[in-house]
A.B. asks: 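Please find one structure pasted underneath; my questions will follow.
For the numbers below, each heavy atom of this structure counts, side chains included, while hydrogens, waters and symmetry mates do not.
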Amino acid sequence: MCTGKCSRFVGLSLIPLSLICILANALLLVPQGKTTWTNVKQLSIQVWLMAGFFGGGLMVLCPGISAVRAGGKGCCGAGCCGNRCRMLRSIFSSAFGVLGALYCLSVSGAGLRIGPKCLTDRGWDYHFRDTKGSYLQNRTLWNLCVEPPGVVSWNVTLFSLLVAASCLEIVLCGVQLVNATLGVFCGDCRKEGTPR
């Protein structure tokens, strides 16, 4: 596969993944779709760190767009020099994307391990913190949280989605790093007259 076509494929895969991360983080801010519990004292720190919005979202959206541009004609110039220039930008952008996806992965993983902040008979706290993630396998513990209702399944679903998406983003940004490096040094294998 040519470096340009590969860049385009990677970019078109990264863009929806970044939008999924942004949406998942937005949904974490409103448990069960209600703003009743959206304040600093009632949401976990992992939600407020906005790893899905900033890390897996915006910091990966930029490399996605850059990879799409590296795979097609752009304003950087035509021919060999223009393509190499776009590929070089894509290298730096992909490295930035790897950092964002790693941030999203680490914060979301911590959110899964610690569990949500919820109200029980002992008040608002991280009641699953000491279980070291074992609460994920024991669904009877999930009923301890009175408010927000269903917050454990809400957080587990959305943080799991963020973990999966950020893992894919790391792989795709890594592939684009290698692909763009090859594109800088070797150029694109497509001929001048072929559609991009």
A.B. asks: Assess whether side-chain contact (heavy atoms from CB on, under 4.5 Å) is satisfied between Leu144 and Tyr135, documenting all intermediate values.
C.D. replies: CA-CA 11 Å; Leu144 293 175; Tyr135 78 96; over 6 Å; no

A.B. asks: Under 4.5 Å between any side-chain heavy atoms of Cys118 and Val146, yes or no?
C.D. replies: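 With C-beta onward as the side chain, the pair stays apart.
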
A.B. asks: Answer yes or no: does atom CZ of Phe92 have more than 12 heavy-atom neighbours from other residues, nucleotides or ligands under 6.0 Å?
C.D. replies: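 Open: at most 12 neighbouring heavy atoms sit under 6.0 Å from CZ of Phe92.
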
A.B. asks: Give the cluster check for Val156 versus Leu105: same hydrophobic cluster or not, with ILVMFWY residues linked at side-chain heavy-atom distances below 4.5 Å.
C.D. replies: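 In one cluster: yes.
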
A.B. asks: Are Val163 and Ile22 grouped together when hydrophobic residues (ILVMFWY) are joined by side-chain heavy atoms under 4.5 angstrom apart?
C.D. replies: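 Linked, Val163 and Ile22 end up in one cluster.
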
A.B. asks: Gln46 and Ser108: side-chain hydrogen bond (donor to acceptor under 3.5 Å, both in side chains), yes or no, with the steps?
C.D. replies: CA-CA 7 Å; Gln46 289 78 20; Ser108 300; over 6 Å; no

A.B. asks: The test is side-chain contact (heavy atoms from CB on, under 4.5 Å); show your working for Ile15 and Val68 and say whether it passes.
C.D. replies: CA-CA 9 Å; Ile15 291 171; Val68 170; 4.1 Å; yes

A.B. asks: Do Phe54 and Leu49 make a side-chain contact, defined as non-hydrogen atoms from C-beta onward lying under 4.5 Å apart?
C.D. replies: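 Answer no - side chains too far apart.
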
A.B. asks: If every non-hydrogen atom of Ile91 is compared with every non-hydrogen atom of Ala180, which pair is closest and at what distance?
C.D. replies: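 The answer is CG1-CB, 3.5 Å.
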
A.B. asks: Check the side chains of Ser44 and Asn155 for a donor-acceptor pair under 3.5 angstrom, ignoring hydrogens and angles.
C.D. replies: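 Absent: no donor and acceptor within the cut-off.
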
A.B. asks: Given side chains that start at C-beta, do those of Phe128 and Cys145 come closer than 4.5 Å, heavy atoms only?
C.D. replies: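 Side-chain contact under 4.5 Å: yes.
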
A.B. asks: Check whether Met50 and Leu28 end up in the same hydrophobic cluster, where Ile, Leu, Val, Met, Phe, Trp and Tyr are linked by side-chain heavy atoms less than 4.5 Å apart.
C.D. replies: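 Looking at the clustering, Leu28 is in the same group as Met50.
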
A.B. asks: Is there a path of hydrophobic side-chain contacts, each under 4.5 Å between heavy atoms of I/L/V/M/F/W/Y residues, joining Phe53 to Leu29?
C.D. replies: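 In one cluster with Leu29: Phe53, yes.
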
A.B. asks: Kindly work out whether a path of hydrophobic side-chain contacts (I/L/V/M/F/W/Y, heavy atoms less than 4.5 Å apart) joins Val151 to Leu27.
C.D. replies: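 Cluster IDs for Val151 and Leu27 match.
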
A.B. asks: Using modelled atom types only, decide if a donor and an acceptor are shared between the side chain of Ser106 and the backbone of Leu102 within a distance under 3.5 Å.
C.D. replies: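 Looks like yes, one N/O pair under 3.5 Å.
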
A.B. asks: Could you tell me the separation between the CD1 atom of Ile170 and the CG atom of Leu17, rounded to the nearest 0.5 Å?
C.D. replies: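 The CG atom of Leu17 is 11.5 Å from CD1 of Ile170, to the nearest 0.5 Å.
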
A.B. asks: For a side-chain contact (heavy atoms from CB on, under 4.5 Å) check, start with the C-alpha distance between Glu169 and Leu14, then their side-chain angles and the critical distance, and finish with the verdict.
C.D. replies: CA-CA 6 Å; Glu169 290 172 343; Leu14 283 173; 4.2 Å; yes

A.B. asks: Identify the heavy atoms of Trp154 and Val30 that sit nearest to each other, and give their distance.
C.D. replies: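 Looks like CZ2-O, 3.4 Å.
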
A.B. asks: Quick check: closest heavy atoms across Leu162 and Gly52, and the distance to 0.1 Å?
C.D. replies: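 For Leu162 and Gly52, the tightest heavy-atom pair comes out as CD2-CA, 3.8 Å.
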
A.B. asks: Is there a side-chain contact between Val175 and Ser94 in this structure, where contact means two heavy atoms from C-beta onward sitting under 4.5 Å apart?
C.D. replies: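 A side-chain contact under 4.5 Å is absent here.
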
A.B. asks: If we count only N and O atoms by modelled type, under 3.5 Å, do the side chains of Gln176 and Ser90 hold a donor and an acceptor together?
C.D. replies: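 The criterion, which ignores hydrogens and geometry beyond distance, is satisfied for Ser90 and Gln176.
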
A.B. asks: Using side-chain contact (heavy atoms from CB on, under 4.5 Å), reason through Arg113 and Arg129 one step at a time and then give a plain yes or no.
C.D. replies: CA-CA 7 Å; Arg113 185 179 180 279; Arg129 181 185 331 208; over 6 Å; no

A.B. asks: Which value, rounded to the nearest 0.5 Å, describes the distance between Met59 atom CE and Cys173 atom SG?
C.D. replies: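 Reported to 0.5 Å precision, the distance equals 10.0 Å.
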
A.B. asks: Under 2.5 Å between the sulfurs of Cys104 and Cys21, yes or no?
C.D. replies: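 Judged by the SG atoms alone, which are 2.5 Å or more apart, Cys21 and Cys104 are not bridged.
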
